[in-house]
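Note: hydrogens, waters and symmetry copies are ignored here, and every other heavy atom, side chains too, is used. Given the structure is predicted, the values throughout are model-derived calculations rather than measurements. The chains referred to below are lettered A, B, ... by the order of the sequence lines, with proteins before strands, and numbering in each begins at 1.
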Amino acid sequence: MNSGIRVRFAPSPTGHLHVGGARTALFNWLFARHHGGAFVLRIEDTDRSRSTEENIASIVDALRWLELDWDEGPPAPGYRQTERFDLYREHAARLVAAGRAYHCDCPPELLERERKAVEARKETFRYSGRCRDRGLAAGALRLRIPDTGSTVVDDLIHGPVTFDHAQLDDWILVRTDGTPTYNFCVVVDDVTMRITHVIRGNDHLSNTPKQVLCYAALGYAVPAFAHVSMILGADRARLSKRHGATSVQAYREQGILPEAMVNYLARLGWSSGDQEIFTRAELVERFDIKDVSSAGAVFDQTKLEWLSHEHIKAADGARLAALVRPFVEAAGLTAPPPARLGPMLDTLRERARTLRELVEVGRFYFERPAGYDDKARAKLLTPAGAERLGVLEARLAAVEPFAAPALEALYRGLAESMSLKLVDLAQLTRLAVTGRTASPPLFDVLALLGRDEVLERLRAARAAASSGGAPPAGAA
RNA sequence: GACCCCGUCGUCUAGCCUGGCCCAGGACGCGACCCUUUCAAGGUCGAGAUCGCGGGUUCGAAUCCCGCCGGGGUCACCA
């Protein structure tokens with residue numbers, strides 16, 4: 001557990017945890033766990049106006065839901081940028097003392113004018129360097145960038161990426177008001193937290209040479225970088241709200257299993273042979289940053305749901321019961337105790353892709369049918385149907401034991417003696433008991449519901465049939 | 001606009017470094033059939049990619065080289 005490898009996830013708490021952020025966090029976590037390193041959580045809250053406590057809580061909550069545990073970070077102190085200003089100030093002073101940074105008093109209006117002029121000529125804006133050698137003692141602080149040469153970012157995913165210094169300019173480290181800028185904070189934080197591998201979104205690749213030059217100016221070793229591609233919407237543009245749900249929280253509310261979310265996010269842009277379904281342990285074992293794709297990936301809700309389905313099918317019964325309970329309650333229903341809920345879920349799991357669907361498809365376990373499927377009611381809840389229900393009630397009242405095999409034998413025998421097909425009696429019963437034409441295997445459902453409840457529902461259906469198929473009286 | 005990244009079935013991807021096993025493999029989705037008390041699940045089969053485009057190198061290129069096109073990202077005293 002002490003490989004010396006240290007990675008971090010550094011979200012800014014300006015909103016909920018986005019799936020792109022979650023994937024970045026996951027890759028960092030997997031990298032740390034695979035190599036026996038440390039995973040650090042740091043909150044980039046220098047933007048006080050947009051950072052809120054609620055957002056921090058929400059991000060922490062989402063990470064916990066995904067079970068991406070951190071070895072260092074909140075609630076311990078010192079992992080928020082707003083708590084680290086002394087560090088930034090100290091490093092800024094060091095750069096000034098070493099002559100690697102200088103103060104600049106160019107008024108924003110001047111800079112803006114220069115920028116406009118340059119844009120008019122369709123060129124890239126670079127700070128003129130007007131204050132470079134003026135030896136000012138106050139004002140914004142800029143990093144002195146070499147005029148010539150280039151910086152190579154050796155990216156673990158993209159390979160070496162070269163940036164010409166002529167493209168870079170003397171960027172601002174500290175603003176006139178004394179507050180440090182994002183790029184400077186990141187460098188100082190990463191060095192002081194002894195981060196060895198910076199795994200982050202592709203959108204930071206262009207800023208990396210600036211940061212690398214800052215490490216060098218500070219005399220620190222440069223960490224390894226890995227820039228993960230972005231998650232895209234169906235139109236191949238960066239995934240955003242207009243594409244639909246983007247926050248991890250939203251998927252949680254949909255009833256996607258956390259392990260499915262983790263599995264999906266990992267497979268989005270990473271692969272290991274032809275394997276699609278991974279447990280958390282397999283992911284940790286197989287993960288290699290070199291297998292992460294450099295191309296952007298379109299988020300596919302359908303495949304996420306398929307994976308959720310697979311994980312629901314494979315989930316431990318007790319765990320699944322615990323996960324689904326809140327969803328049963330959210331639907332205004334009451335779940336039976338674990339001993340009964342477990343077997344019910346076993347009949348439901350291969351029929352639902354999400355926890356929400358699990359409740360929907362098994363609704364009849366938690367309440368009596370509030371009505372009957374229209375078409376089926378017209379077809380089955382007829383005078384003839386009522387008669388058959390009467391026969392079924394009588395036989396069901398006496399069958400022993402009230403278990404699936406005995407029930408099936410009863411139905412098969414009855415169908416034969418009435419010269420009907422099994423399906424005729426089964427669908428009638430299914431409609432009476434669940435209100436629908438589709439359900440888990442009927443005899444399992446009957447056994448799980450219990451004799452009294454089944455007889456009650458058959459009687460209600462018979463009453464509905466006699467009265468022309470109206471909804472059952474006194475339904476749930 | 002400049003710079004940087006990316007470009008294999010609709011989607012996620014394998015293969016690309018170390019050319020031939022690839023007239024391109026797997027998965028999701030889609031279609032058909034089988035199984036079946038319903039719905040699912042499961043099984044089998046199938047449609048679906050001239051490997052962004054154009055040149056070149058080579059006996060041979062998805063794989064190597066050059067050019068182009070398309071998409072995305074970054075260019076702030078925002079993060």
A/K210 side chain near B/rU74 phosphate (N/O to OP1/OP2, under 4.0 Å)
no

Does any N or O in the side chain of A/E357 come within less than 3.5 Å of the main-chain N or O of A/R353, such that one atom is a donor and the other an acceptor?
yes

For A/E350 and B/rA40, what is the distance between atoms CD and P respectively, to the nearest whole Å?
12 Å

Counting any heavy atom closer than 4.0 Å, what does A/L168 reach on the DNA or RNA strands: base, sugar-phosphate only, or nothing?
nothing

Given A/F31, which partner from the list A/L26, A/D288, A/V292, A/I289 fulfils the side-chain contact (heavy atoms from CB on, under 4.5 Å) test?
A/I289

Out of B/rC6, B/rC77, B/rU11, minimum distance to the side chain of A/A295 belongs to B/rC6

With distance as the sole test, does A/N28 use its side chain to make a donor-acceptor pair with the main-chain N or O of A/T24 at under 3.5 Å?
yes

Please determine, for the side chain of A/K303, which listed nucleotide (B/rA79, B/rU11, B/rC12) has the closest atom?
B/rC12

Any idea which of B/rC5, B/rC77, B/rU13 is nearest the A/T176 side chain?
B/rC77

Whichever of A/R23 and A/R351 has the more 5' nearest nucleotide on RNA chain B, that residue is A/R23

Identify, residue by residue, the members of residues 228-244 of chain A with a heavy atom below 4.0 Å from RNA chain B, and return them in order of residue number, or none.
A/R236, A/R238

Which of residues 424-445 of chain A have a heavy atom under 4.0 Å from RNA chain B?
A/A426, A/Q427, A/R430, A/T437, A/A438, A/S439, A/P440, A/P441, A/L442, A/F443

OP1 or OP2 of B/rC6 sitting under 4.0 Å from any side-chain N/O of A/H158?
yes

Specify the separation, in whole Å, of atom CZ of A/R412 and atom P of B/rU36.
10 Å

Would you say a side-chain N or O of A/R200 is under 4.0 Å from OP1 or OP2 of B/rU74?
no

With hydrogens left out and only the distance checked, is there a donor-acceptor pair under 3.5 Å joining A/S294's side chain and the base of B/rC6?
no

When the P atoms of B/rG15 and B/rG31 are compared, how many Å lie between them, rounded to an integer?
31 Å

Okay, side chain of A/H103, backbone of A/G139: is any donor-acceptor separation there less than 3.5 Å?
yes

Closest listed nucleotide, where the reference is the side chain of A/D203 and the choices are B/rC77, B/rA79, B/rG73
B/rG73

Output field: ring centroids A/Y264/A/W306 closer than 6.0 Å:
no

Residues in residues 258-272 of chain A with a heavy atom under 4.0 Å of RNA chain B, by number, are A/R267, A/L268, A/G269, A/S271

Establish, yes or no, whether the cationic atom of A/R42 lies under 6.0 Å from the six-membered ring centre of A/Y79 and within 45° of the ring axis.
no

Report yes or no: is there a donor-acceptor pair, N or O only, under 3.5 Å between the side chain of A/Q275 and the base of B/rG26?
no

Could you tell me the separation between the CG atom of A/L422 and the C1' atom of B/rU38, rounded to a whole number of Å?
10 Å

When you measure from the side chain of A/T192 to the backbone N and O of A/D189, does any donor-acceptor pair fall under 3.5 Å?
yes

Answer yes when A/D147 and A/R132 have at least one side-chain N-carboxylate O distance shorter than 4.0 Å, and no when they do not.
yes

Can you tell me which nucleotide in B/rG26, B/rA79, B/rC5 comes closest to the side chain of A/E44?
B/rA79

My understanding is that only one of A/F287, A/W270, A/F9 makes a ring-ring contact (aromatic ring centres under 6.0 Å, His included) with A/F27; could you say which?
A/F287

Check the distance between B/rA27's P and A/L304's CG and give it to me in whole angstrom.
19 Å

Which label fits A/Y88 and A/F85: parallel for a plane angle under 30°, tilted from 30 to 60°, or perpendicular past 60°?
perpendicular

With rounding to the closest Å, how many angstrom separate the P atoms on B/rC9 and B/rA62?
15 Å

